[in-house]
2 protein chains.
Amino acid sequence: MFGLAAGEAILRGMERKTRQRDAVCGVFERESRPLSPLEVLQEAQRELPTLGIATVYRHLRSLVEEEWLQLVELPGVPPRYERAGKHHHHHFHCHGCGKVYELEGCTGGFASLVPDGFELESHTMVLHGRCAGCTHAA
Amino acid sequence: MFGLAAGEAILRGMERKTRQRDAVCGVFERESRPLSPLEVLQEAQRELPTLGIATVYRHLRSLVEEEWLQLVELPGVPPRYERAGKHHHHHFHCHGCGKVYELEGCTGGFASLVPDGFELESHTMVLHGRCAGCTHAA
DNA sequence: ATCTCTGCAAATGTTTTGCATCAGC
DNA sequence: GCTGATGCAAAACATTTGCAGAGAT
């Protein structure tokens with residue numbers, strides 16, 4: 001058994017410090033909201049206009065592997081990414097502007113909904129509506 | 001203003017009774033679980049092997065417009081479809097077999113998580129884990 | 001006979017990958 | 001200078017659409 005332990009990353013990669021990597025990380029350091037790959041590209045291109053979308057995807061994947069970012073999957077929209085290491089929380093998806101916001105807290109009590117024989121491991125909760133900006137604009 | 005009222009479908013279509021439409025509807029009448037387009041195709045092809053995926057997509061969309069089906073969007077996986085007209089409920093996603101199950105009931109109490117100025121319109125809740133079949137198999 | 005529906009293939013949108021070149025170390 | 005990272009373009013994957021022909025009414 002010469003292989004890697006279970007869960008150990010095969011492809012680590014992207015460990016070199018480059019302007020592209022700095023640009024991607026910088027976006028997340030300036031913005032607390034979970035961001036889509038396109039949002040990251042557009043924001044990072046303000047600093048580095050030649051940045052390509054493939055590089056953004058590669059860094060997002062790599063930063064998730066390094067546990068510097070966390071993948072945020074939401075129903076029916078492209079995935080978002082946020083800084084890892086936050087407390088348990090959920091998200092609000094505004095269908096006016098499409099932005100996703102972090103919410104604090106959790107109502108809990110989900111175990112009672114699970115049928116016999118099913119094993120509950122985690123849960124996802126997304127609140128949908130209009131954010132403050134879009135409520136006022138409408 | 002000769003147009004259609006808000007919400008009225010522009011493209012109704014698919015109102016003709018065909019073997020393809022019967023095959024798609026039949027799958028949902030036999031299966032209570034929310035199904036992905038591919039699950040619908042594979043099940044319907046047992047009855048009608050020449051059925052194409054494009055036709056499945058067209059009927060799924062049309063049946064949602066007719067409010068015979070309801071779209072079920074889940075984080076990070078292709079959308080599912082279930083019979084419309086059910087009571088408010090949520091879903092369980094098994095990461096063993098990938099199947100989605102309907103859950104009864106709702107814990108409620110989400111409004112307290114929403115920041116000031118945000119307008120809450122709906123919520124999505126998905127429980128993740130292993131279904132009875134996958135728990136026993138593992 | 002008409003007009004819609006179907007299946008195929010091509011188009012679309014998103015994400016991934018191959019590869020020659022560029023740049024960090 | 002070596003090796004990994006980048007940008008482009010092509011590939012992959014899921015979904016939608018154009019179109020000619022089949023089928024429902």
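By convention in this document, chain letters (A, B, ...) are assigned in the order of the sequence lines, proteins followed by strands, and residues within each chain are numbered from 1. Scope of the values below: all heavy atoms of this structure, side chains included, with no hydrogens, waters or symmetry mates.
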- prompt: Atom CG of B:Leu60 and atom C1' of D:dT16: how far apart are they, to the nearest Å?
  reply: 13 Å
- prompt: Atom CD of B:Gln45 and atom C1' of C:dG7: how far apart are they, to the nearest Å?
  reply: 12 Å
task: Figure out the CZ/P separation between B:Arg21 and C:dC5, and round it to whole Å.
output: 9 Å
query: Are A:Arg21 and A:Glu66 ion-paired here, with the side-chain N under 4.0 Å from a carboxylate O?
result: yes
- request: Take the protein atom OH of B:Tyr57 and the nucleotide atom C1' of C:dT6, then report the distance between them rounded to whole Å.
  value: 17 Å
query: Counting heavy atoms not belonging to B:Lys86, are there more than 12 under 6.0 Å from its NZ?
result: yes
- request: Examine D:dT6: is either OP1 or OP2 under 4.0 Å from a nitrogen or oxygen in the side chain of A:Gln20? Give yes or no.
  value: yes
query: What is the distance from CD1 of B:Ile53 to P of D:dT17, rounded to the nearest Å?
result: 15 Å
- prompt: When the distance from CG of B:Leu41 to P of D:dT15 is rounded to whole Å, what number comes out?
  reply: 12 Å
- prompt: Does atom CD of B:Glu67 have more than 12 heavy-atom neighbours from other groups under 6.0 Å away?
  reply: no
Rounded interatomic separation in angstrom, taking CD from B:Glu47 and P from C:dT6: 13 Å
- request: Evaluate the ring planes of A:His123 and A:His90, with Trp represented by its six-membered ring, and classify them as parallel (under 30°), tilted (30 to 60°) or perpendicular (over 60°).
  value: tilted
- prompt: Between A:His59 and D:dT6, is there a side-chain N or O to OP1/OP2 distance below 4.0 Å?
  reply: yes
query: If only side-chain N and O atoms of B:Arg61 are considered, is one of them under 4.0 Å from the OP1 or OP2 phosphate oxygen of D:dT17?
result: yes
task: For A:Met14 and C:dT16, give me the distance from atom CE to atom C1', rounded to whole Å.
output: 13 Å
task: Respond yes when some side-chain nitrogen or oxygen of A:Thr50 is under 4.0 Å from OP1 or OP2 of D:dT6, and no when none is.
output: no
- prompt: Which residue, A:Thr55 or B:Pro37, contacts DNA chain D at a nucleotide closer to its 5' end, judged by nearest heavy atom?
  reply: A:Thr55
- prompt: Does B:Leu51 offer a backbone N or O that forms a donor-acceptor pair with the side chain of B:Gln45 under 3.5 Å?
  reply: yes
task: Select base, sugar-phosphate, or nothing to describe what A:Leu51 touches, counting heavy atoms under 4.0 Å on all strands.
output: sugar-phosphate
query: In terms of heavy-atom contacts, does CZ of A:Arg30 have more than 12 from other residues, nucleotides or ligands at under 6.0 Å?
result: yes
Protein-nucleotides 19-24 of chain C N/O pairs closer than 3.5 Å?
| from | atom 1 | to | atom 2 | distance (Å) |
| --- | --- | --- | --- | --- |
| C:dG24 | O3' | A:Lys17 | O | 3.2 |

field: Matching residue for B:His91 among B:Glu82, B:Arg80, B:Glu73, B:Glu102 - test: side chain to side chain donor-acceptor pair (under 3.5 Å)
entry: B:Glu82
